[in-house]
Amino acid sequence: MRVIAIEPLALALPDADSCTEDNGSVPKMNLPLARRNFLKGSGILMGTLATGSVLAALAPSRAWALELQQLSKSEGQTLMAMGRVLYPHKKLPDAVYALLVKDLDAKTEAVPMLRTGIAALDEAAGGSFVKAPAAKKLTVVKAIEGTPFFNAVRGQCVTSLYDNDMAFAVFGYPGSAWEKGGYITRGFQDLKWLPAPTLAASPPPFLG
C-alpha cells in the first residue's frame, strides 16, 4: 500500500490474512496521521480528507502529512497543483496528489530542474501558480508542453497517482485477481451503473 509518511507504528498496515480482496471489499487503510513535531524534512505538506469521502470512511483519521527531504512546502504545493491540471480528478484528494510530490522529491538529480520549472510556473502565472485561476493554470501548463520539466512531472503522474491503494479505493478497483483465478468469479459481471444485459448478450462464463 502506498501511504504518506506517518507517525505512530501502532497503526499497522493490514496483513495478508486480514485482506478481504476475495469478496472485492476494500480493507480499512492506514492513511497518513502525523504531528508537526515528528516531521523534520525540508518541507511539509499537510491536509485533511473531506468528510463523507471514500477515504475518510476508510482512514483512522482525516489528517494526513507528507515530509519532503529536498523541496519546500511551496514547491510541493505547486507540483500538486500542476498534477491536478495534468490529471484532474475531483474525487482524488490532495493526499493522493501529494504522492506525486513525494516521488519527485526523491529524485535528487532532478531537483534542480524541478525547482527551475516551478519558478517558471510561478512567474508565468503572475506570482503564484497555486493561487492562479484554473483557466490561467491550464494556459501556463500548455505553454510548457514538451519541455523536460513538463515531461518529468507528467510521466511521474502515471504511477504516483494511480498505482496506490488510495486511488484504488476511490476508483473502486478491488486489487489484483490473477493469483486468485482471475476476474471471472471476482467481479467480471459486477457492472453496476448500466442496466443488466440479456442472457444472450452476456451468457454465464465458461469454467471448464
Side-chain angles (χ1 to χ4, degrees), residues 1-9 11-14 26-50 53-56 58-122 128-130 137 141 144 147-171 173 175:
M1 180 181 295
R2 294 283 307 285
V3 296
I4 303 171
I6 43 183
E7 161 225 331
L9 295 176
L11 298 177
L13 297 176
V26 180
K28 194 172 186 65
M29 295 188 298
N30 185 21
L31 294 183
L33 175 64
R35 297 191 182 97
R36 186 178 299 273
N37 61 312
F38 281 87
L39 302 173
K40 309 297 183 181
S42 175
I44 301 171
L45 299 177
M46 304 182 74
T48 58
L49 302 173
S53 67
V54 172
L55 296 183
L58 295 172
S61 170
R62 291 178 55 227
W64 63 266
L66 180 144
E67 178 184 9
L68 303 176
Q69 299 301 321
Q70 303 181 82
L71 298 172
S72 68
K73 176 181 177 181
S74 62
E75 289 170 336
Q77 290 173 330
T78 300
L79 288 175
M80 287 172 62
M82 181 179 176
R84 279 203 178 274
V85 173
L86 292 170
Y87 292 89
H89 293 286
K90 291 182 178 180
K91 291 184 178 181
L92 284 185
D94 285 344
V96 176
Y97 286 89
L99 292 175
L100 166 66
V101 183
K102 181 178 178 65
D103 291 337
L104 289 171
D105 179 67
K107 297 185 176 182
T108 302
E109 72 286 350
V111 168
M113 179 265 291
L114 293 173
R115 287 199 169 112
T116 300
I118 290 168
L121 286 180
D122 285 336
S128 173
F129 180 81
V130 172
K137 289 178 182 175
V141 171
I144 64 169
T147 65
F149 171 66
F150 176 93
N151 291 339
V153 177
R154 182 182 63 175
Q156 190 60 56
C157 279
V158 175
T159 52
S160 297
L161 300 183
Y162 302 114
D163 188 16
N164 66 84
D165 280 11
M166 289 186 282
F168 296 166
V170 169
F171 294 130
Y173 173 56

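No experiment lies behind these values; they were computed from the predicted model shown.
Looking at residues two or more places apart in sequence or on another chain, you find a side chain to side chain donor-acceptor pair (under 3.5 Å) between Lys107 and Gln156. With sequence neighbours excluded, the residues that form a side-chain contact (heavy atoms from CB on, under 4.5 Å) with Thr48 are Arg62.
Taken to the nearest 0.5 Å, the OG atom of Ser160 stands 3.5 Å off from the CG atom of Asp103. One finds the CG atom of Leu161 at 10.0 Å from the CE atom of Met166 (value rounded to the nearest 0.5 Å). Rounded to the nearest 0.5 Å, atoms CG (Leu66) and OH (Tyr97) are 15.5 Å apart. Going from atom NZ of Lys73 over to atom CG of Leu45 covers 8.0 Å, rounded to the nearest 0.5 Å.
Among all heavy-atom pairs drawn from Pro93 and Val170, the shortest one is CD-CG2, 4.5 Å. Minimum interatomic distance between Phe149 and Leu121 (heavy atoms only, all atoms of both residues): CE2-CD1, 3.7 Å. In this structure, Lys137 and Ala81 approach most closely via the heavy-atom pair NZ-CB, 4.4 Å. The minimum heavy-atom distance linking Leu86 with Cys157 is given by the pair CD1-SG, 4.3 Å. Among all heavy-atom pairs drawn from Ala152 and Met113, the shortest one is CB-CE, 3.8 Å.
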- Query: Passes side chain to side chain contact (heavy atoms under 4.5 Å, CB included), Asp163 versus Val158? Steps please.
  - Reply: CA-CA 8 Å; Asp163 188 16; Val158 175; over 6 Å; no
- Could you go step by step and tell me if Ser128 and Asp122 meet the side-chain hydrogen bond (donor to acceptor under 3.5 Å, both in side chains) rule? CA-CA 5 Å; Ser128 173; Asp122 285 336; 4.9 Å; no
- Please assess Met82 against Phe150 for the test side chain to side chain contact (heavy atoms under 4.5 Å, CB included), listing each intermediate value before the final yes or no. CA-CA 9 Å; Met82 181 179 176; Phe150 176 93; 4.2 Å; yes
- Yes or no on side chain to side chain contact (heavy atoms under 4.5 Å, CB included) for Leu104 and Val101, after CA distance, side-chain angles and deciding distance? CA-CA 5 Å; Leu104 289 171; Val101 183; 5.8 Å; no
- Message: Go through it in stages, so that I can follow the logic: the residues are Leu79 and Phe129, the test is side chain to side chain contact (heavy atoms under 4.5 Å, CB included), and I'd like the CA-CA distance, side-chain angles, deciding distance and then a yes or no.
- Response: CA-CA 9 Å; Leu79 288 175; Phe129 180 81; over 6 Å; no
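The main-chain N or O of Leu68 is never found under 3.5 Å from a side-chain atom of Asp105 such that the two would form a donor-acceptor pair. Between the side chain of Asn164 and the backbone N or O of Ala167 there is at least one donor-acceptor pair closer than 3.5 Å.
Applying the side chain to side chain donor-acceptor pair (under 3.5 Å) rule to pairs touching residues 75-88 yields Ser72-Glu75, Glu75-Arg115, Arg84-Asp94, sequence neighbours excluded.
With contacts defined as side-chain heavy-atom distances shorter than 4.5 Å, the pair Leu100/Met80 does not qualify.
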